[in-house]
Structures are given as C-alpha cells and as structure tokens.
Amino acid sequence: MKLSAQSIINNPFLNKGTAFTAEERASLGLAGLIPSHIQTVSEQTQQAYAQYQTKVSPLEKRIFLMSLFNENRVLFYNLFSQHIAEFMPVVYDPTIADTIENYSALFVQPQNAAFLSIDEPDQVESILKNAADGRKIRLIVVTDGEGILGIGDWGVQGVDISVGKLMVYTAAAGIDPSEVLPVSLDAGTNRQSLLDDPLYLGNRHERVRGQRYDEFVDKFVNAAEKLFPNVYLHFEDFGRSTAAELLRRYQQKNVVFNDDIQGTGIIVLASILGALNISKQSIKDQVYLSFGAGTAGAGITSRIWQEMIQAGVDPEEARKHFYMVDKQGLLFDDMPDLTPEQKPFARSRSEFANADELTSLAAAVKAIHPTILVGTSTQPGTFTEEIIKEMAAHTERPIILPLSNPTKLAEAKAADLIEWTEGRALVATGIPTDPVEYNGVTYEIGQANNALVYPGLGLGAIASTAKVLNDQTISKAAHSLGGIVDPAQAGAAILPPVSKLDAFSQTVAQAVAEDVVAQGLNREPIADAKAAVANEKWVPEYRSLD
Ligand SMILES: NC(=O)c1ccc[n+]([C@@H]2O[C@H](COP(=O)([O-])OP(=O)(O)OC[C@H]3O[C@@H](n4cnc5c(N)ncnc54)[C@H](O)[C@@H]3O)[C@@H](O)[C@H]2O)c1
Ligand SMILES: O=C(O)C[C@H](O)C(=O)O
Ligand SMILES: [Mn+2]
C-alpha cells in the first residue's frame, strides 16, 4: 500500500524532515510540504545540538530530545550517538526519574508504546498488533511500574523506563529502533497521590495481585510470542514480590531477561572483577555484604556466589562468604518474612555471640568485616563515614558500590568514599559521577549501571537467534567487560567509561553470541557469531524511500 505524504512525515520511523531528497519529494508527494532547501543529516544534527545547548535544566534538555525522538528517529539517534556520555544522564537515569514522576502532567505523546490494561485483558493481542503497526518486533521492554528505580510504584507513568531503556539499546548497541516496542502493563497503582491526581493517565485503582495479575502477564507473554516469534522480552522495574517469580516462570521457554536481577548481576560482577584486577586479589577471598536485599540485591548476590563457585569454591563453602542486610538488619534463617531469594543467604544466629544486636548496617559491618559492600537499599547516605572507616580498617582495598538510583537515593557519594578511605576504596556508582581529585590523584569513577551491559547482551542474543538466555551466557557477558581499563594507572576506574559504551556493547554482544552458538542454543544456523553481530548493527542514516 502506498503511504500518503502526510503519513510519511508523521511517522518517526520514516520521517526525514528537511533531508528528504528531491526525488523523494517528487515521488512521495512531499514537495511543498517542507521548506525547499534540502539538508544532510549531519547539518540537521548540528542544528539540533545547537538548540539542545540553549536548554538549561536537564528536564528541559530531555523534553527537547524527546521531541526529536517523537518526530524523527534517525535524527535523534544520529545526535545521541555523537554525544553518548553527555546525553545518557539526560535521556536515561537520573533525569528519567523526574519525567516518570511527572509523566501525566508532562504528557504530549505516547511514544509508540503499547499500553495494556488489566481491566481489558482480551485486548492485549490486538493492542500489541496495532502498536507494532506491521513492524517486525524483536525486542520488548516491559514494566508494570511497581518498582521504578528506587522511587517505587508509579503505575502507568513507569512506561518511560521502557522507552528510555530501549533508547539506550539503540544508542549503545545499534538495535534497529523500528524493531522495538515499549510496553506498559497497567495493573493499577498503590500510590495514593496518583489515584487522587485528576491528571493521572493510568487505571485508577489499587494494584491487582494474585491470579488475575498472573493471567494478565501470561496473556501478554503469549500474545507477544505469537505475534513476534522469538522476541527478546526484557522485564524492567517490577516489584520485589513479582520480579524473580516472573523470571523463573518464563526463562525456560522464552527469551526472557530481567534487567534488575540479571543485568545488575552482570555489571556488579564486572565491577568486582575490575576491582580485583586492580587490587590483585582473588574472588575466593572476598567477604560480600549486600545492603538492601531486594530484587537487585539478591540478583547480584546470586551472580557473585555463582562466580565464586565457578572459581572452584564448593557451593556451601562459598555461601559462607555472603551476608545480607535488609530492613530487619542482618538476615537470619529464623526470620519469618524472608523472600525466596533471601533464604539461601540468610545466616544462622549461632554464628554470632551478639546475633540479636546485628540489626543495623553498622553493627553488621563490625561483626562481618566485609571486603565488598553493595548498596541497593534505596536509602540515601546510609554508607556513613563511621561505617566506611570501620570497613576500611579491616581490608586494604575495600570495594564499595552505592548503586541506588536516582542520585537522591545513592547510599554514598564517590568523593566521600575516596576521602574516608584515603584513596583506598575501589568505587563505582549507579549514576554517572565526575572524576574525584584526592591527594594529587584523579580517581575515575565507573558507572555500575546495568545500561553498560544489557544493550550488548540483547544484541548478542538477538543476533545469534538465542532460544533462551542462561547463566553461562550471562557470566560470559560479565567477563567480556574485563581488559578494557588499564589497572596499572593510578586512580583507574573499575569499569570502562560510558563514552565507550557503543564499542564495548559490541564486545559484550560478540561474547554472548559466541556462547549461544557454542551451547547450541541458536534457533537458526550461525556460521560466524561475530559477523552475525556486525550484520545486526543499525546505523542512524537515512534509507531511501523511493
Ligand atoms: N545501578 C544499577 O544498575 C541498579 C540496578 C537495579 C537497581 N538499582 C537500584 O537499587 C535499588 C533497589 O532496587 P530494587 O529493584 O532491588 O528494589 P527492591 O524494592 O526490590 O529492593 C530494595 C530493598 O531494600 C530494602 N530496604 C528498604 N529500606 C531499607 C533499610 N532502611 N535498610 C536496609 N534495607 C532496606 C527493601 O526491604 C528491599 O528489600 C534502587 O534504588 C534501584 O535504583 C540499581
Ligand atoms: O534504570 C537504572 O538506572 C538502573 C536500574 O535498572 C534501576 O532500576 O535503577
Ligand atoms: Mn531497573
């Protein structure tokens, strides 16, 4: 079917704005519908960047970039790919948290997302089909908005995290933006301020749980698989009571990835491997403390535990190296409210003379002497000077990762951690952090955010036509990030810089694709995994519409 000129201009996957060629203008009926002077994509990009620079606040900048995104995907990604490190905190975390909190008030455009409602489960399939609009969808990021970053339940407003994660997939790994679909599963919200807000755009009722919720998610997964066979399903920011359960339910037969559990596990493992490469220590000797043992905290702990086993430690021996602190304090196996993911790492009270006193992070650090401290607690400032000094008194190079997002929730600031430990701490943060100057050394601070790995992981799995994503592939992804940073450099970061995100996403993708093929998990024959990844890469250039 021949598209009308208006429907081409109004389609962000086809629109070129002033870059439509003379031939296209003539053949598609576009002549006179745009000013006559023809621009190249690089002229458009330069002009857009100049406009971007006139915007003052990060929110204004994001709104400007999203207007480009809404109009013209090639132009948006051409600009984004030239300014990855500068734009990441604007289009993604932390600014995205502001747009999620204000989504309904700021709403101008649905951004090609699919909005599925638990109140209309029979429409799930038709909505997905209409949202795809004939496009071949290969990657979906889906959220139900219950556990957005560390800011909690934002109902339908959480859809922005699906849109934002997908933008990073394309900018970092070159996933074709016309082959992706952001999905919101609107099961209600328990945030009273949204339910009371006349502007709120989602279902105005409490979250539905139990069987109706499960059936709704099932309907979505089945419809997605039916319409888009072998689609890669990325689950994001579900609540603590559903995230791990949904992963378990679908990971055997679908290509399912939970970013908060698995993506975060990978980036933290890569951070620890990078840190140990600098300190020249072995994973086998580490004592690990997870502060905030929810979705991410437990997912990371399990990944690091498996790494220790892979390094040759007996599984039960390895378990003794891991501790979890949550709201109750140190987690003990007699506690009635442990989650299934916490149980394997809960300790016995008999291990400590003062077990009943270990109800705070400070007391736990004193009793355990961790060498690695990972914060996924959503509790800002909880890595205090006293706690960090106590930790650093018992280990030469403490590995400290305050990961809670957005910025206002981080457990500590990198500069404080460096200062309190006299430059000994090996640090990475969840949000981007500027280098820290201390005693004449410049400390580069890596960003331990799953955004550094999920794009490459997805690209590798999609390019290799993976049937499932298993632990071995996930471990390979984490290991592939090693060797990019020079550990001998004073103040070296433990992770590669975000400015190289596009390059190392290819590295991760290749490692993943090679492992999928090595395990025989590819659906279609792959002669050369590296070439398969390279062939998949979409570049932000205009294609001929003639
Ligand atoms: N950097 C990254 O890549 C990354 C990835 C995933 C999550 N995160 C961050 O980690 C945080 C947690 O995310 P999640 O998805 O695991 O959420 P979650 O709700 O599943 O887990 C949070 C956990 O913290 C616990 N907690 C709350 N208050 C506490 C306190 N005072 N002391 C100890 N524990 C406390 C909760 O009980 C819960 O178990 C968020 O801020 C999120 O942004 C970062
Ligand atoms: O979204 C992020 O910045 C990372 C992570 O998935 C989170 O939930 O915080
Ligand atoms: Mn997340």
Side-chain angles (χ1 to χ4, degrees), residues 88-89 91-97 100 141-154 158 160-168 234-245 247 257-271 289-301 303 323-331 335 337-342 345 358-364 373-383 387 401-411 428-433 446-454 495 498:
M88 278 293 278
V91 301
Y92 180 63
D93 204 1
T95 310
I96 200 166
I100 290 170
V141 175
V142 59
T143 187
D144 74 352
E146 187 181 1
I148 295 294
L149 312 172
I151 57 178
D153 184 348
W154 287 93
D160 259 2
I161 200 68
S162 297
V163 176
K165 294 265 171 184
L166 285 168
M167 294 195 297
V168 179
H234 168 144
F235 281 67
E236 188 67 45
D237 290 352
F238 282 67
R240 195 179 84 161
S241 63
T242 52
E245 175 53 33
L247 177 62
F257 165 70
N258 183 298
D259 188 34
D260 300 288
I261 298 172
Q262 297 169 301
T264 320
I266 296 173
I267 195 63
V268 173
L269 174 54
S271 306
L289 176 51
S290 166
F291 180 60
T295 306
I300 303 163
T301 306
R303 166 73 22 234
Y323 299 85
M324 287 178 162
V325 172
D326 206 277
K327 279 182 185 156
Q328 310 94 311
L330 189 64
L331 297 187
M335 291 175 164
D337 45 2
L338 298 178
T339 68
E341 293 67 46
Q342 292 170 342
F345 299 101
L358 303 180
T359 53
S360 67
L361 177 63
L373 177 60
V374 177
T376 45
S377 66
T378 73
Q379 300 302 308
T382 39
F383 291 178
I387 290 172
L401 309 175
L403 299 189
S404 287
N405 295 320
T407 319
K408 64 184 175 193
L409 300 183
E411 285 83 2
T429 50
I431 33 100
T433 301
Q447 186 180 2
N449 190 299
N450 45 37
L452 273 81
V453 293
Y454 70 71
L495 285 168
V498 173

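All ligand and atom numbering here is 1-based and tracks the order in the structure. For clarity, every value in this text was computed on a predicted model and none was experimentally measured.
Around the Mn ion (ligand 3), the protein atoms of type N, O or S that sit closer than 2.8 Å are E236 OE2, D237 OD1, D260 OD1.
Near G430, meaning under 4.0 Å from one of its heavy atoms, ligand 1 places the atoms 1 (N). The contact set between ligand 1 and A293, taken as ligand atoms under 4.0 Å from a residue heavy atom, comprises 39 (O). Atoms of ligand 1 lying under 4.0 Å from at least one heavy atom of G294, given by number and element, are 16 (O), 20 (O), 21 (O), 23 (C), 38 (C), 39 (O). Each of the atoms 6 (O) of ligand 2 lies under 4.0 Å from some heavy atom of E236. Heavy-atom contacts of F291 reach the following atoms of ligand 1: 32 (N), 33 (C) (cutoff under 4.0 Å). Interface of G150 with ligand 1, defined as ligand atoms under 4.0 Å from a residue heavy atom, comprises 40 (C), 41 (O), 42 (C), 43 (O). Atoms of ligand 1 found under 4.0 Å from any heavy atom of R240 (numbered from 1 in listed order, with element): 20 (O), 37 (O), 38 (C), 39 (O). In the vicinity of D260, heavy-atom distances shorter than 4.0 Å reach the ligand 1 atoms 6 (C).
Of the protein's non-hydrogen atoms, the one nearest atom 18 (P) of ligand 1 is T295 N, 3.9 Å. Scanning the protein for heavy atoms near atom 5 (C) of ligand 2, the closest one is N450 ND2, 3.4 Å. Distance from atom 2 (C) of ligand 2 to its nearest protein heavy atom, with residue and atom name: Y92 OH, 3.2 Å. Protein heavy atom nearest atom 7 (C) of ligand 2, with residue, atom name and distance: L149 CD2, 3.7 Å. The protein atom (non-hydrogen) at minimum distance from atom 11 (C) of ligand 1 is S404 OG, 3.6 Å. The protein heavy atom nearest to atom 7 (C) of ligand 1 is A296 CB, 3.6 Å. Among protein heavy atoms, atom 3 (O) of ligand 2 sits closest to D93 OD2, 2.6 Å. Ranking the protein heavy atoms by distance from atom 3 (O) of ligand 1 puts N450 N, 2.9 Å first. For atom 28 (N) of ligand 1, the nearest protein heavy atom (residue, atom name, distance) is Q379 NE2, 3.2 Å. The protein heavy atom nearest to atom 5 (C) of ligand 1 is T264 OG1, 3.0 Å. When only non-hydrogen protein atoms are considered, atom 44 (C) of ligand 1 lies nearest to L403 O, 3.2 Å. Among all non-hydrogen protein atoms, the one lying nearest atom 37 (O) of ligand 1 is D326 OD1, 2.5 Å. Considering only non-hydrogen protein atoms, atom 9 (O) of ligand 2 sits nearest to N405 ND2, 2.9 Å.
The shortest non-hydrogen separation linking I151 to P406 is CG2-CD, 3.7 Å.
In this pair, Y454 and H234 present their aromatic rings perpendicular. The plane angle is above 60°, beyond the 30 to 60° band.
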Fill in: Derivation and outcome, side chain to side chain contact (heavy atoms under 4.5 Å, CB included), residues L403 and I267
CA-CA 11 Å; L403 299 189; I267 195 63; 5.8 Å; no
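For I96, no heavy-atom contact with ligand 2 is shorter than 4.0 Å. At a heavy-atom cutoff of 4.0 Å, ligand 2 is contacted by no atom of T264, backbone or side chain. Proximity of N449 to ligand 2, defined as any heavy-atom pair under 4.0 Å, is confined to the side chain (atoms from C-beta onward). With a 4.0 Å cut-off on non-hydrogen atoms, D260 touches ligand 2 through its side chain and not its backbone.
Side-chain contact, E236 with T143: no donor N or O sits under 3.5 Å from an acceptor N or O.
Taking only nitrogen or oxygen atoms, main chain and side chain alike, T378 does not reach within less than 3.5 Å of ligand 1.
Closest to atom 6 (O) of ligand 2 by heavy atom, among K165, Q447, M88, is K165.
Residue contacts with ligand 1 include A448, since one or more of its heavy atoms lies under 4.0 Å from the ligand.
By the side chain to side chain donor-acceptor pair (under 3.5 Å) test, R303 is found to be paired with D471, residues two or more places apart in sequence or in another chain being considered.
N449 contributes no side-chain N or O that, together with a main-chain N or O of I431, makes up a donor-acceptor pair within less than 3.5 Å.
Among the candidates L330, L331, L358, the single residue satisfying the side-chain contact (heavy atoms from CB on, under 4.5 Å) test with V325 is L330.
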